[in-house]
Structure formats: C-alpha cells, structure tokens
Amino acid sequence: MELTMKRKLQKLTSILVLACMSIGVMNGFAQQVDAGTKNAELVTLAHYAFENNANDSSGNGNNGVIQEGVTFDTGYSGQAAVFNGSSGYIELPQNLIRNHKNFTISTRFKTSSYGAILGYQNQADLSSDKVSNQWIPILIIDKNGKMNANFWTGTSSETIVSSNVVNDNEWHQVELEANDHSVSLYLDGILVGTKHAGFAHLEMKYNQLGAANAKGYSGFTEDWVYYNGLLDDWVVKVPPKNYSIQGIVDQMMTALINGYEASTQQTKIISIINNGKQNLENLKVDVTGTDFEITQPEGTLNSGASETSFTLRAKDGLGIGTYTETVMISADNMEQVTFKVTQMVIPAAPTNVTAVAGDGQATVSFTVPSEDGGSPIVGYEVTASPGDVIVNGSASPVTIKGLINGTSYSFTVKAVHEAGKSEASVASNEVVPFSPSIHSNDNSGNNLSTPLPTSTGVNVLFNGKVEDAGTATTSKRNNQTVTSITLNQKRLEDKLALDDQGLVVTIPMILKSDIVIGELNGQMVKSMEQKQAVLEIQTENATYKLPAQQINIDDISNQVGSLVALQDIKIQIEIAVPTADTVKIVEDAAVKGNFTLIAPPVDFTVRGTYGNITIEISKFDAYVERTIAIPDSVDPGKITTAVVVDPDGMVRHVPTKVVLIDGKYFAVIHSLSNSTYTVVWHSLEFSDVVDHWAKASIDDMSSRLVIEGTGNHTFSPDQKLTRAEFAALIVRSLGLKLESGAVPFTDLSLSDLYSHAIKTAYEYRLINGFQDETFRPNDAITREQAMVIIAKAMSITEVKARVAVQSKEETLRPFKDAMEASGWAESSIAAIVEAGIVAGRSDAELAPKAYMTRAEGAAMLQRLLQKSELI
C-alpha cells in the first residue's frame with residue numbers, strides 16, 4: 001500500500017509540474033522552468049518494455065542485444081530488466097540516434113547501489129571515430145547516490161548532477177533532453193539543470209544500457225562501471241523527418257529513331273518540390289550510368305519556396321537499344337529520392353507496304369530498312385487492322401490467315417531486331433478478303449465479297465441483348481459429355497467497336513452437359529482486354545464471370561512463342577462436373593475437416609492451347625466471381641462458406657456470401673485461383689466466448705475455417721496474437737493459395753509451422769520484415785502493425801476504391817492517442833478507420849502500440865471482408 005501511494009504521488013507531482021510551471025533545482029537553488037520548453041512533436045524511435053526481452057516494441061526494429069548477467073523481474077509496469085552490477089548489460093543498435101540535434105531519452109530505474117544506466121563501450125572507438133563537437137551522453141549514479149548526466153568527448157565533459165540521492169530503492173524516472181545547443185536533465189518530471197555548449201549534435205554509437213567504459217572518466221578508478229538495479233520502459237524519441245521532397249515518377253523519354261541528329265532528343269525538365277518543414281541544403285542530383293546528361297538544381301531549396309528544377313536527356317549518338325538508369329536526388333538530412341529514366345532508340349520502319357487479299361487471308365509485301373544500326377533484323381511483325389491480328393515472318397512477303405471475308409483490312413509492319421522493334425510503318429492499301437465462289441472485281445483491282453453466313457447454333461448475350469453469335473459442338477471426354485461453344489469473332493469485334501468499355505459477353509448453356517467450354521482465340525481475348533470486357537459462362541448449376549485482362553493473353557503468348565499469331569491460340573474457359581476421383585478427394589477432405597458438403601463440387605478451369613502445348617491459368621491478379629446454385633432441399637441458413645479443394649486434398653476458405661435470385665439461392669464466391677469448389681456447413685462455437693463482445697465475429701470466422709481454437713473447445717479471445725499467427729489469419733481470410741519455396745527471412749525455415757503462410761503474405765506484399773531481414777514470427781503483433789497489414793489487404797479486396805478520402809489528420813482527430821502511432825503506420829490506420837474496419841478500442845482510443853488480441857483479429861478481418869462486400 002505504501003509503495004502504491006508513493007507511485008501515485010510521484011505521478012501526480014509529475015503531471016502538476018509538467019502541465020503548469022516546474023520548480024527545478026540547479027546548483028542548489030530552486031528554479032522556475034516553463035514546461036513548454038521541453039521538446040514537442042517527438043516520435044518514438046525505440047521503446048524497450050523489457051517484457052523478458054530487449055525487443056523494440058515501437059515497430060522500428062531497433063532491438064537491443066542482451067549480454068550476460070541480465071535477468072527480468074516485476075517492474076514499475078510489467079517486467080523490468082535486472083542488472084547484476086558486475087557483468088550484465090544490453091547492447092543498443094549502433095548509430096541509434098546518431099547526428100540528431102534534438103532527442104529525448106527517458107527510463108524508470110530503481111536501485112540501492114550505483115553504476116552506469118547509459119554508457120559507452122570503448123573510449124578508443126570514441127577517440128578515433130569522433131567528429132568535432134560530438135558529445136556522448138552518459139547517465140551514471142555515482143557512489144554518493146546522486147545522478148550524473150555527463151556529455152563526454154573522451155577528453156572533456158559537461159556534467160549535470162542532482163542535489164538529492166536516487167539510490168533509495170524507490171522507482172524514479174530520469175529524462176535526458178537534447179536541443180540544438182543545450183542539454184537538460186529531469187528527475188521525476190522536475191528539471192535538475194541545463195548545460196549550454198557548442199553541441200553540434202549528440203552521438204549515439206556503440207552505446208549500451210547497464211555498463212560504461214569509464215577509463216579516463218572522472219569519479220571512477222575502475223575501467224568498467226556496471227549498473228546494479230532495475231530499468232523499465234527505456235524510450236528514445238526524436239523529431240519526425242521534416243526534410244523531404246515530393247516523389248518523382250519514373251520517366252519514359254520519347255523514342256528516338258536510329259541515327260537521330262544531335263540535340264533532337266527530348267529534354268525533360270524535372271521539378272523538385274520541398275514538401276517538408278525544413279530548408280534543404282546541398283541539394284544534388286546524380287545518375288548511375290553514363291548514357292544521360294543532367295544539369296544541377298539550385299543547392300538550397302527553402303521550405304517556403306515553390307520549387308527548383310533540373311534537366312535530363314539522353315546523350316547524342318546512342319545506338320539501337322533500351323537505356324535505363326537511376327536518378328538520385330539527395331540533400332542534407334533527407335532520405336535519398338530515386339526514380340528511373342528510360343530512353344529507347346528504335347530501328348527505322350519498313351517502307352512501301354502493300355497488300356493483296358485472298359480467301360480469309362492477305363499477303364503483305366514491304367521493303368526492309370536499309371540500315372540496321374548494328375542490331376541485326378531477326379524478323380518482321382505484321383499487324384492487321386481492325387482486330388489487331390499479329391503475324392510474325394522472317395522475310396517479305398508475309399501471309400496473314402484467319403481474316404474475316406468481307407471485312408476491309410489495312411496492314412502495318414515493324415522490323416524486329418535483337419535490341420527491340422522498330423516503329424510501325426505507314427499503313428498499306430486497304431483490301432477485302434473474299435470467298436472464291438462469290439467474288440467479283442472492281443476497277444481498283446481489290447477483291448470484293450459479301451460476308452459468309454454465320455452458323456446459328458447458339459445464342460450469346462452482349463450486355464443482356466441476345467445475338468446469334470456462337471457455334472456449339474458436342475464430344476466425349478473420360479465418359480463425360482463435353483459441349484464446346486465457339487464465339488463468332490466478327491460479331492464480337494462489331495460489339496466491341498460499339499461499346500466504349502466494360503462489355504459483358506454471356507454464353508448461356510441450356511443443354512445438359514457434364515463439361516461446358518466457352519472458346520475464343522487469343523486475338524479475341526486481346527480485343528476484349530483492350531475494352532475491359534468480361535466473359536461470363538453460365539450453366540444450370542454454376543456461373544463463371546471472368547474479366548478478359550485476368551486471362552493475361554500476353555503471358556500466354558510469350559510462353560507459346562512470340563512468333564505464333566494470337567489468332568492461332570485457343571482460350572478455353574471451362575465449368576465441369578468433377579471426375580469420380582476428384583469427388584472422392586473432396587469427400588475425404590470433408591471428413592477430415594469435420595464439415596458437411598452442401599452442394600456438389602464444381603471444377604473451374606482456364607487454359608490456353610496451341611498445337612500440343614497447354615498452359616493452365618490458375619492464379620489471378622484480382623478476385624474473380626463464381627456462383628454455385630444451392631440445391632432447393634438445403635436450408636440457406638445452413639451454409640457457412642465455399643471452399644477450394646486442391647488436388648492434394650488441401651482445403652481453404654474463399655470469401656462467400658449467399659444471395660437470393662429469382663427465388664433460388666446461390667453462393668457467390670470470390671477467389672484468386674482456379675480449382676475444385678464446393679459449398680459447406682461448418683458450425684463451430686467456443687465455450688469461453690459466450691459472453692464476449694466479439695462472439696458473433698469469432699463464431700462467423702471460425703465457421704468459415706479462417707480461425708481456429710486453442711484446444712478443449714476454447715478460443716482464448718484475449719490472448720495476444722503473434723506476428724506469424726496474424727500472417728496466417730490474413731492469408732486464410734483472403735482465401736489465398738499457400739505459396740511454396742524459400743522463406744525470405746533469416747529467422748524462418750521451411751519447416752516452421754507458419755512458413756508457407758508467411759511466404760504467401762510476403763508474395764502478395766501484405767507483410768515486410770525488419771531492417772535486419774528478420775520477421776520475428778513469435779513476437780506479439782501490435783495493433784498498428786496489424787492495421788498496416790489490413791490496409792495493404794484493402795488493395796487486394798478493392799475496398800480502398802470505395803472509401804471516401806479525407807486527410808489522415810481529420811480521420812484520426814477523434815482519437816486522443818493518435819499521436820502515439822508510428823509515422824509509418826498513420827496513413828494505413830487512417831485508411832482502415834475511414835473504411836469502417838477499425839473504430840478503436842474505445843470511441844477515443846486507438847491503442848496503436850497495444851498488442852492485438854485474438855478477438856480483435858477476428859473482428860477486424862470479418863469487417864475487412866464485409867466492407868469489401870465479399871461476405
């Protein structure tokens with residue numbers, strides 16, 4: 001009780017002193033000090049809470065290293081580090097606050113002895129590495145029990161000494177504050193004294209807690225002085241980085257034709273805008289190579305000035321090729337800003353391009369460039385318009401097949417060099433492919449015809465309007481019926497020409513068939529991609545809605561071979577009843593996972609084929625929508641989620657919601673991959689969340705196979721989440737397929753429990769490691785670290801595009817502890833607050849530095865999926 005009252009009295013004294021006017025003691029005299037002179041607007045650089053480790057809980061990765069003789073015991077708040085007075089110390093990161101003119105160091109301590117709280121490792125290093133006017137801060141409790149703050153160069157020192165003893169075995173707080181040209185010492189919130197000197201800046205290199213190399217230091221005869229006592233909550237704060245410029249995007253220069261005349265290349269004027277709060281000094285621009293010329297900007301750019309600029313251009317006489325270099329902008333106290341600049345020098349184009357039409361084809365002749373610029377020509381690329389049909393050939397002439405009779409075409413040609421492609425030639429004359437049986441000649445010599453009739457096998461919907469635009473064929477595959485529907489290219493091209501963007505092409509399948517395939521060629525997919533069109537395949541029990549750009553026809557073309565015309569590549573989108581073997585895998589997975597199958601499984605496949613080459617597209621860049629019909633006999637309330645069952649039997653949740661359409665229920669599924677899908681019922685409740693505020697979220701996310709219990713039907717909702725556990729949760733929430741391969745962090749191996757989940761989160765750019773290339777999987781994750789990860793996930797779920805934008809200051813203003821958030825996390829926190837994913841631990845508290853609990857993780861991830869309209 002007595003100790004508790006003392007602590008309360010100390011806190012009350014500190015509040016009164018710092019809120020109003022402090023009574024300080026310096027040289028034995030009471031001194032009034034305006035509390036407003038203390039450093040303001042500082043941000044936490046490192047915080048050691050000493051919870052059985054010396055990890056930096058600020059999230060900045062400045063972990064300390066515990067050396068021998070340090071243990072942990074009950075502290076002022078939580079655990080404290082215990083130093084043995086003879087060998088124990090904690091090594092701080094080198095250069096922790098090097099070159100800072102302003103900072104604050106604070107800690108709580110308790111001792112009945114003496115020793116160095118903050119010390120320096122090696123005087124030899126100090127003497128050899130020292131720069132003029134660098135001062136080393138040392139905090140030592142002298143043998144007489146008084147606190148000494150020394151600012152030491154190794155040869156001289158400035159010292160502030162407390163008038164009262166502090167080794168009374170009670171908790172005290174010491175604060176060391178540095179301003180531009182002064183240093184101050186506070187004890188328990190009261191100013192002890194201030195020293196004014198020519199401090200250029202203070203140095204923090206080779207520092208440690210609990211020990212100091214005292215050789216040559218007055219007051220001690222021994223070489224080393226060790227601390228004997230406890231330390232709790234050691235914090236370093238520094239001003240935010242106010243030296244910065246506005247980012248500059250990568251620059252692509254206008255392409256040059258080989259043999260360009262001197263000084264005809266494009267000159268870019270690059271503006272540098274000071275968006276920080278300080279003047280920039282020694283402003284300088286460098287470039288990594290020798291192929292570009294730059295001018296230098298003004299060396300000083302004041303914070304109130306509008307901007308300065310420099311110029312950038314390629315040098316004269318560059319040969320054929322692509323030249324890319326990095327431009328670096330630097331200034332004192334500013335993190336370097338870089339961007340890339342690219343200049344292409346392309347060959348001259350072929351000339352005299354002429355075309356002659358034939359049956360569904362045209363033959364294109366041309367004159368090759370007279371000079372190749374030292375980069376040999378390896379082929380020619382001919383493009384037909386309309387349709388952008390591309391064919392590659394080795395010499396003139398080149399024949400383009402697969403054209404539509406009755407359509408007028410013109411052609412351009414590019415020379416393909418080892419170093420790249422030339423610009424396109426002037427377009428050829430227009431010609432019209434024809435059928436030999438119904439053609440005639442006009443006076444121009446062009447072959448004319450009327451279009452051949454199109455088969456009327458299948459109706460296709462273009463933005464809901466029915467057209468006779470498909471041909472159906474039926475076959476057998478592994479004793480299953482296959483219906484393939486081929487889309488008519490001309491009808492599609494005509495519709496694309498009429499619609500600006502976003503045409504929805506729907507192929508409805510009315511007939512019964514085990515396998516339904518919608519088929520296009522690569523050129524049709526390319527045309528749809530350019531208009532952001534969507535292809536939709538409908539069967540009785542399932543629908544697949546696939547944006548054309550998710551097929552990534554360029555990647556398929558590269559894998560097949562760039563000389564193969566897109567027209568000759570087949571793209572198939574398939575919805576199928578799984579084989580008996582696959583159904584058995586799904587049923588076994590249901591038994592193992594303790595869930596019930598609600599609807600028959602469905603296979604979704606996308607593939608590209610050319611000859612005997614087959615390329616399966618199994619991964620997408622954005623969520624793709626599927627629907628599965630729920631049998632009429634199923635209670636829609638007994639549906640929890642859809643799952644993907646991979647060929648190896650692995651099961652994962654995919655975001656799912658149940659909707660009612662024309663009196664029938666459907667599961668609407670969003671996923672980033674293809675495989676076998678089914679809908680399940682998986683009810684799971686925990687005994688220790690019955691009255692918990694997050695019960696609904698926990699029940700929902702556990703039923704969706706996203707979160708798991710901790711054993712014996714419990715969830716442990718208030719237990720801290722580790723960084724590895726949260727990485728696994730975000731991956732499962734988004735329905736991501738686990739990635740294999742090496743883990744990109746030095747403290748993880750493939751055999752670790754969450755290694756594949758962490759690898760997956762890293763591949764999707766949801767997580768980063770620390771500066772020392774570690775991930776620290778077993779550390780508890782802070783709320784601000786988790787909120788940054790969720791904000792990154794918002795880009796995948798595309799909820800960011802639907803969030804009203806306002807300034808982060810405006811968004812975070814209602815929270816009284818918003819200033820405690822790390823600078824690197826503020827924008828992310830504001831984004832998820834604006835999205836309604838986080839509302840704070842209370843109406844006025846974000847608690848960014850607090851650890852995320854299992855219940856909070858479940859609630860936030862549920863709201864992420866809800867706000868993204870995925871569940």
Side-chain angles (χ1 to χ4, degrees), residues 254-261 264 318-322 344-436 439 441-449 489 493 521-523 526-527 530 553-554 557-558 560-569 610:
T254 301
L256 295 167
I257 305 299
N258 182 45
Y260 62 94
E261 294 183 9
T264 59
L318 296 180
I320 292 174
T322 300
M344 295 181 64
V345 181
I346 60 178
T351 56
N352 303 321
V353 181
T354 58
V356 176
D359 183 8
Q361 66 183 36
T363 301
V364 180
S365 303
F366 49 87
T367 302
V368 302
S370 58
E371 295 182 3
D372 60 21
S375 177
I377 297 175
V378 296
Y380 299 91
E381 180 182 280
V382 182
T383 301
S385 180
D388 290 336
V389 178
I390 298 174
V391 172
N392 293 91
S394 59
S396 175
V398 174
T399 299
I400 299 183
K401 298 180 179 181
L403 302 180
I404 300 171
N405 287 338
T407 299
S408 179
Y409 291 93
S410 63
F411 305 87
T412 58
V413 184
K414 293 180 180 179
V416 181
H417 293 244
E418 290 180 348
K421 299 176 183 178
S422 74
E423 63 179 352
S425 69
V426 175
S428 72
N429 57 300
E430 292 190 358
V431 297
V432 180
F434 63 96
S435 170
H439 76 274
N441 292 326
D442 66 2
N443 293 332
S444 67
N446 287 336
N447 296 313
L448 302 175
S449 71
Q489 182 167 359
E493 297 284 0
N521 63 49
Q523 187 56 56
K526 186 66 176 178
S527 298
Q530 291 168 347
I553 189 62
D554 289 340
S557 176
N558 289 335
V560 170
S562 60
L563 294 180
V564 176
L566 291 178
Q567 187 87 10
D568 296 332
I569 300 173
Y610 174 76

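Under the side-chain hydrogen bond (donor to acceptor under 3.5 Å, both in side chains) criterion, Q361 pairs with no residue, sequence neighbours left out.
For the pair S557 and L566, the minimum side-chain heavy-atom distance is below 4.5 Å. Contact of the V564 side chain with the I569 side chain is registered, since non-hydrogen atoms from C-beta on lie closer than 4.5 Å. Looking only at side-chain heavy atoms (C-beta outward), T412 and S385 stay at 4.5 Å or farther from each other.
Closest approach of F411 to A362, counting heavy atoms only: CZ-CB, 3.5 Å. Q567 and V389 get closest at one heavy-atom pair: OE1-CG2, 3.5 Å. Closest approach of A424 to K414, counting heavy atoms only: CA-CG, 3.8 Å. The shortest heavy-atom contact between T399 and V391 is O-CG1, 3.8 Å. In terms of heavy-atom proximity, Y409 sits nearest to A384 at CD2-CB, 4.1 Å. In plain terms, the two heavy atoms of Q523 and Q489 that are nearest each other are CG-NE2, 4.1 Å.
We find the OG1-CD distance between T407 and E493 to be 9.5 Å, quoted to the nearest 0.5 Å. Here OG of S408 is found 4.0 Å from CD of E430. Values are rounded to the nearest 0.5 Å. Distance OG/S425 to OH/Y380: 12.0 Å, rounded to 0.5 Å. Taken from CD in E261 to CG in L256, the straight-line distance is 11.5 Å, to the nearest 0.5 Å. In this structure, CD1 in I390 is found 9.5 Å from CD1 in I400, a value given to the nearest 0.5 Å.
At a cut-off of 3.5 Å, with distance as the only test, a side-chain donor of N405 or D359 sits close to an acceptor on the other residue.
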Side-chain polar contacts of residues 347-358 - donor-acceptor pairs under 3.5 angstrom, sequence neighbours left out - could you list them?
residue : atom : partner : partner atom : Å
N352    : ND2  : T367    : OG1          : 3.2

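Within a 6.0 Å radius of OH in Y260, other residues, nucleotides and ligands contribute more than 12 heavy atoms.
Counting only residues at least two apart or on different chains, the salt bridge (Lys or Arg N to Asp or Glu O under 4.0 Å) pairs with a member in residues 376-405 are E381-K421.
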